[in-house]
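Along the sequence shown, the residues carry numbers beginning at 1. Values below: every heavy atom of this structure, side chains too, minus hydrogens, waters and symmetry copies.
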Amino acid sequence: MDTAILPSTLLLTLLLSVGLFFFIRASAKDRTEKKQLVSDQDEASLLSQLQEYFRMRSYRVAAVDPQENQVIFEGLVKPSLFLTVFLTLLAAAGILSLSLVLSLLFPNFSTVFLGLVLLSPLSGLFYWKKAEKLEKVLLKVETTPSQQHFSSKITVIAHRDELIELQRALQLKSCE
C-alpha cells in the first residue's frame with residue numbers, strides 16, 4: 001500500500017475516534033433547561049393536572065413552597081438499555097477501525113491492537129453508571145390576568161426531554 005495513504009487514513013481515523021469519544025461522553029450529560037409555559041386553565045386545576053402528570057411519570061413531591069407557589073418533584077431516571085448497547089457497538093466499531101489502521105502501520109502489534117476492541121463495553125458501562133441519577137423538576141405557577149380571562153404561567157426547570165413531553169401531554173404553549 002502507498003506510504004502516504006496509511007498516515008492520512010490514521011489521521012482521519014483518529015479524528016473520528018475523538019468525535020466518538022465526545023459523543024459517548026455527551027450521552028450522560030446533564031441537559032437541564034428553564035422554560036416558561038402558558039395554560040388557559042386556572043391555577044388550581046392546572047396544579048392538580050401537573051401533580052397527576054408527574055405522579056404518572058414516577059416523580060414524587062420533594063418540597064413545596066406555598067409563598068412562592070413553587071413545587072419541587074424528584075424522580076429516579078433509569079438508563080436506557082438500547083443506548084447502552086448502541087454505545088458499546090459504536091465504541092467497538094470505532095476501536096476496530098483504529099485497530100485495523102494501526103495493525104497495517106505496525107504489523108508486529110496487530111494482536112494487541114485488535115485486543116483493544118475488548119475495551120468497548122467500558123463505554124456502555126460509563127453510560128450506565130452516569131445516566132442513572134435523581135432528576136429534579138422545579139415548578140412555579142403564577143396567575144396572569146389577560147383581557148378576557150385569567151391564564152396561568154408556569155416556569156419549569158427540568159430535563160429538556162421532560163419539558164418537551166410535559167408541553168405535549170398537557171397542551172401547554174411556550175412563552176418564548
Side-chain angles (χ1 to χ4, degrees), residues 1-37 50 53-63 70-140 154-170 172 174 176:
M1 200 176 276
D2 191 8
T3 56
I5 294 174
L6 282 177
S8 62
T9 305
L10 176 63
L11 177 67
L12 290 174
T13 308
L14 284 173
L15 289 173
L16 288 171
S17 298
V18 169
L20 178 61
F21 171 77
F22 283 108
F23 181 76
I24 291 169
R25 199 178 87 179
S27 67
K29 182 181 174 192
D30 183 34
R31 289 180 170 75
T32 302
E33 293 180 1
K34 180 178 182 178
K35 196 166 192 176
Q36 292 188 334
L37 305 169
L50 286 167
Y53 168 81
F54 284 112
R55 189 189 64 75
M56 294 294 291
R57 303 270 298 169
S58 298
Y59 283 86
R60 65 174 183 79
V61 177
Q70 207 168 320
V71 181
I72 298 174
F73 292 94
E74 285 182 345
L76 185 66
V77 176
K78 301 270 186 201
S80 164
L81 182 62
F82 170 77
L83 193 53
T84 304
V85 172
F86 180 67
L87 289 173
T88 301
L89 291 175
L90 275 180
I95 294 171
L96 181 64
S97 300
L98 182 61
S99 296
L100 289 174
V101 173
L102 290 173
S103 294
L104 289 173
L105 281 171
F106 308 103
N108 295 339
F109 301 106
S110 61
T111 318
V112 174
F113 293 136
L114 291 174
L116 291 175
V117 176
L118 297 174
L119 297 176
S120 61
L122 291 177
S123 64
L125 185 65
F126 167 80
Y127 166 75
W128 193 264
K129 296 270 185 196
K130 293 279 186 176
E132 186 172 26
K133 57 187 162 209
L134 191 66
E135 288 281 341
K136 289 188 179 191
V137 176
L138 186 125
L139 280 174
K140 184 175 182 178
I154 312 154
T155 304
V156 187
I157 300 174
H159 189 277
R160 178 179 62 195
D161 296 338
E162 194 64 56
L163 289 171
I164 292 168
E165 183 60 29
L166 172 68
Q167 193 171 356
R168 186 197 63 75
L170 299 181
L172 302 170
S174 183
E176 295 117 21

*Sort and list the pairs that fulfil side-chain hydrogen bond (donor to acceptor under 3.5 Å, both in side chains) and have at least one residue in residues 154-163, not counting sequence neighbours.*
Tyr53-Glu162, Arg57-Glu162, Tyr59-Glu162

*Could you tell me which residues satisfy side-chain contact (heavy atoms from CB on, under 4.5 Å) with Val77, sequence neighbours excluded, listed by chain and number?*
Glu135

*asked:* Tell me every residue that passes side-chain hydrogen bond (donor to acceptor under 3.5 Å, both in side chains) with Gln167, counting only those two or more places apart in sequence or in another chain.
replied: Lys35

_Checking Lys136 now: which residues fulfil salt bridge (charged side-chain N to carboxylate O under 4.0 Å, His left out) with it, not counting sequence neighbours?_
Glu74

*With side chains defined as the heavy atoms from C-beta onward, is the minimum distance between Leu139 and Phe54 less than 4.5 Å?*
yes

*Roughly how far, to the nearest 0.5 Å, is CG of Leu119 from CG of Leu125?*
12.0 Å

*asked:* Could you work out, with salt bridge (charged side-chain N to carboxylate O under 4.0 Å, His left out) as the rule, every residue matching Lys133, not counting sequence neighbours?
replied: none

What side-chain donor-acceptor pairs closer than 3.5 Å can you find for residues 9-16, not counting sequence neighbours?
{"from": "Thr9", "atom 1": "OG1", "to": "Ile5", "atom 2": "O", "distance (Å)": "2.7"}
{"from": "Thr13", "atom 1": "OG1", "to": "Thr9", "atom 2": "O", "distance (Å)": "2.7"}

Using residues 80-103 as the side-chain source, report each donor-acceptor pair under 3.5 Å to any protein atom, sequence neighbours left out, with the distance given to one decimal.
{"from": "Ser80", "atom 1": "OG", "to": "Phe82", "atom 2": "N", "distance (Å)": "3.4"}
{"from": "Ser80", "atom 1": "OG", "to": "Leu83", "atom 2": "N", "distance (Å)": "3.1"}
{"from": "Thr84", "atom 1": "OG1", "to": "Ser80", "atom 2": "O", "distance (Å)": "2.8"}
{"from": "Thr88", "atom 1": "OG1", "to": "Thr84", "atom 2": "O", "distance (Å)": "2.8"}
{"from": "Ser97", "atom 1": "OG", "to": "Ala93", "atom 2": "O", "distance (Å)": "2.9"}
{"from": "Ser99", "atom 1": "OG", "to": "Ile95", "atom 2": "O", "distance (Å)": "2.7"}
{"from": "Ser99", "atom 1": "OG", "to": "Phe113", "atom 2": "O", "distance (Å)": "2.5"}
{"from": "Ser103", "atom 1": "OG", "to": "Ser99", "atom 2": "O", "distance (Å)": "2.8"}

*What side-chain hydrogen bond (donor to acceptor under 3.5 Å, both in side chains) pairs are there with at least one residue in residues 19-32, not counting sequence neighbours?*
Asp30-Thr32

*asked:* Test of understanding: with salt bridge (charged side-chain N to carboxylate O under 4.0 Å, His left out), list the residues that count as partners of Lys78, not counting sequence neighbours.
replied: Glu132

*Sequence neighbours excluded, which residues qualify as side-chain hydrogen bond (donor to acceptor under 3.5 Å, both in side chains) partners of Lys140?*
Glu68

*With sequence neighbours left out, what residues match Glu165 under salt bridge (charged side-chain N to carboxylate O under 4.0 Å, His left out)?*
Arg168

*Are Leu166 and Leu37 close enough, and set up right, to give a side-chain contact (heavy atoms from CB on, under 4.5 Å), and what steps lead you there?*
CA-CA 10 Å; Leu166 172 68; Leu37 305 169; 4.2 Å; yes

